[in-house]
There are 2 protein chains.
Amino acid sequence: MTVDTRWLDNQQKAAWVRLAAVIELLPAALDSQLRRDAQLTHFDYFVLAMLSEAPARTLRMTALAEHTTATLARLSHVVQRLETRGLVERFPCPEDKRATNARLTEEGWKKVQEAAPGHVTTVRESVIDALSPEQVEQLAGIADAILHRLDPERARAAVYERYDEPG
Amino acid sequence: MTVDTRWLDNQQKAAWVRLAAVIELLPAALDSQLRRDAQLTHFDYFVLAMLSEAPARTLRMTALAEHTTATLARLSHVVQRLETRGLVERFPCPEDKRATNARLTEEGWKKVQEAAPGHVTTVRESVIDALSPEQVEQLAGIADAILHRLDPERARAAVYERYDEPG
DNA sequence: GCCATTTGGTTGTTGCGACAACCATTGCAC
DNA sequence: GTGCAATGGTTGTCGCAACAACCAAATGGC
């Protein structure tokens with residue numbers, strides 16, 4: 001009945017428990033800083049950041065969804081809210097009448113620039129500056145390996161290369 | 001005005017982007033497997049697992065909250081649902097009338113045992129087996145360092161040592 | 001012994017994410 | 001050019017998490 005489950009040894013368990021705690025706490029930490037300082041979710045910020053780097057600060061919804069590893073449905077809701085707040089605008093794509101383009105407004109652009117420094121500082125404080133340079137390199141490799149399991153399609157995509165802060 | 005923000009270099013950015021994707025996708029992967037196979041959230045499962053390891057399968061709400069890195073408010077809601085489903089029962093603590101104890105029911109115990117193998121398999125498939133033994137060790141160190149930034153109080157607590165699967 | 005504070009916990013509201021249903025456009029078969 | 005599937009996107013509903021407000025019991029000062 002119970003087919004041979006390969007349990008975790010102590011070393012593996014130690015790694016997993018700590019990772020589990022990180023994925024529980026880190027999103028909350030990022031969200032709360034951005035929400036407090038910029039009235040933005042981390043995901044909101046990510047969406048704005050991706051648009052800010054795109055040509056003409058514009059992307060098709062589908063492309064934006066890929067960049068942010070989100071479903072179209074989720075993105076649609078988020079962009080709707082951002083549009084209400086005047087940070088983003090949507091307009092139908094001329095080449096494909098099914099498609100919708102999302103463009104960062106001037107106000108949205110300002111918002112990203114305001115929010116970026118605080119966000120980077122938080123990322124530094126909670127992650128990057130906690131690690132040695134070797135660990136940062138190791139982390140890139142580890143996270144990449146995990147991503148190949150979680151999302152084989154996109155793991156090699158350019159999106160993972162491009163999360164720039166606007167400078 | 002804009003005080004010197006230390007931006008991320010390419011190596012750091014690569015690590016961060018990948019980590020950001022992981023903390024976005026991994027919780028969803030864990031949740032969906034457990035929800036599908038056991039009608040449980042990952043957090044639900046964690047709560048039950050912690051109780052299953054406690055003496056008499058019983059813990060004070062406050063202690064349980066610490067073990068699961070959750071707020072008392074969140075835990076209260078979750079335990080309420082689990083109680084409705086008959087997996088957990090609550091009763092006032094004899095020694096401190098303010099306090100509430102949560103105890104795993106027999107049904108809850110069975111549920112954990114049923115759910116554990118599938119969960120461990122998922123953890124293996126998406127994380128552990130994607131990494132070399134050296135990377136697993138590195139991951140433990142990295143996650144631990146991050147936890148010390150996110151939650152200095154609890155980073156050294158025994159809880160991080162104890163996420164056993166029931167065997 | 002009494003009042004203030006702290007501790008332990010619950011509840012109500014609000015907002016976001018997941019999922020499924022749905023509509024419109026496009027591409028393809030023939 | 002008609003029929004059908006695939007693509008692109010939106011919307012509605014439901015469940016959960018965050019936050020704040022709240023209540024009860026316990027502790028400490030004096």
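Keep in mind it's a predicted model, so treat the numbers as computed, not measured. Atom set for the values below is all heavy atoms of this structure, side chains included, hydrogens, waters and symmetry mates excluded. Chain identifiers are assigned alphabetically (A, B, ...) following the order of the sequence lines, protein sequences preceding nucleic acid strands; residue numbering begins at 1 within each chain.
With sequence neighbours excluded, the residues satisfying salt bridge (charged side-chain N to carboxylate O under 4.0 Å, His left out) with B:E83 are B:R90. By the side-chain hydrogen bond (donor to acceptor under 3.5 Å, both in side chains) test, B:T41 is found to be paired with B:D44, residues two or more places apart in sequence or in another chain being considered. Residues satisfying the side-chain hydrogen bond (donor to acceptor under 3.5 Å, both in side chains) criterion with A:R74, sequence neighbours excluded, are B:E24. Looking at residues two or more places apart in sequence or on another chain, you find a salt bridge (charged side-chain N to carboxylate O under 4.0 Å, His left out) between B:R124 and B:D129.
Remark: C1' of D:dC16 and CG of B:L34 are 15 Å apart, rounded to the nearest angstrom. The interatomic distance linking B:E95 (CD) with D:dA26 (P) rounds to 11 Å, in whole Å. Atoms CG (A:D31) and C1' (D:dC19) sit 14 Å apart, rounded to a whole Å. Between the C1' atom of C:dG8 and the CG atom of B:L64 lies a distance of 14 Å, rounded to the nearest Å. Counting to the nearest Å, the P atom of D:dA26 and the CZ atom of B:R60 are 11 Å from each other. Rounded to an integer number of Å, the gap from CG of B:L75 to P of C:dT10 is 8 Å. Atom P of nucleotide D:dG15 and atom CZ of B:R36 are separated by 20 Å, given to the nearest angstrom. Counting to the nearest Å, the C1' atom of D:dG8 and the CZ atom of A:R90 are 13 Å from each other.
When all heavy atoms of A:R18 and B:A143 are compared, the pair lying nearest together is CB-CB, 3.5 Å.
As judged by a 4.0 angstrom heavy-atom cut-off over every strand, A:S76 is placed among the base-contacting residues.
Among the nucleotides D:dT11, D:dG8, C:dG8, the one closest to any side-chain atom of A:Q80 is D:dT11.
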Polar-atom pairs under 3.5 Å, protein N or O versus N or O of nucleotides 21-25 of chain C: list them with distances, or write none.
{"from": "C:dT25", "atom 1": "O2", "to": "A:R98", "atom 2": "NH1", "distance (Å)": "3.4"}

Between the protein and nucleotides 15-18 of chain C, which nitrogen or oxygen pairs are less than 3.5 angstrom apart?
{"from": "C:dC16", "atom 1": "OP2", "to": "A:R81", "atom 2": "NE", "distance (Å)": "3.4"}
{"from": "C:dC16", "atom 1": "O5'", "to": "A:R81", "atom 2": "NH1", "distance (Å)": "3.3"}
{"from": "C:dG17", "atom 1": "OP1", "to": "A:R74", "atom 2": "NE", "distance (Å)": "3.3"}
{"from": "C:dG17", "atom 1": "OP1", "to": "A:R74", "atom 2": "NH2", "distance (Å)": "2.7"}

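A donor atom on one side chain and an acceptor atom on the other are found under 3.5 Å apart for A:E134 and A:S132.
With hydrogens and angles disregarded, a donor-acceptor distance shorter than 3.5 Å links the side chain of B:T58 to the backbone of B:A56. B:R149 places a side-chain N or O within donor-acceptor distance of the main-chain N or O of A:E125, the cut-off being under 3.5 Å.
Between A:M61 and A:E24, the residue whose closest nucleotide on DNA chain D is further toward the 5' end is A:M61.
When the options B:R35, B:R85, B:H119, B:Q33 are evaluated for a side chain to side chain contact (heavy atoms under 4.5 Å, CB included) with B:L40, the one that passes is B:R85.
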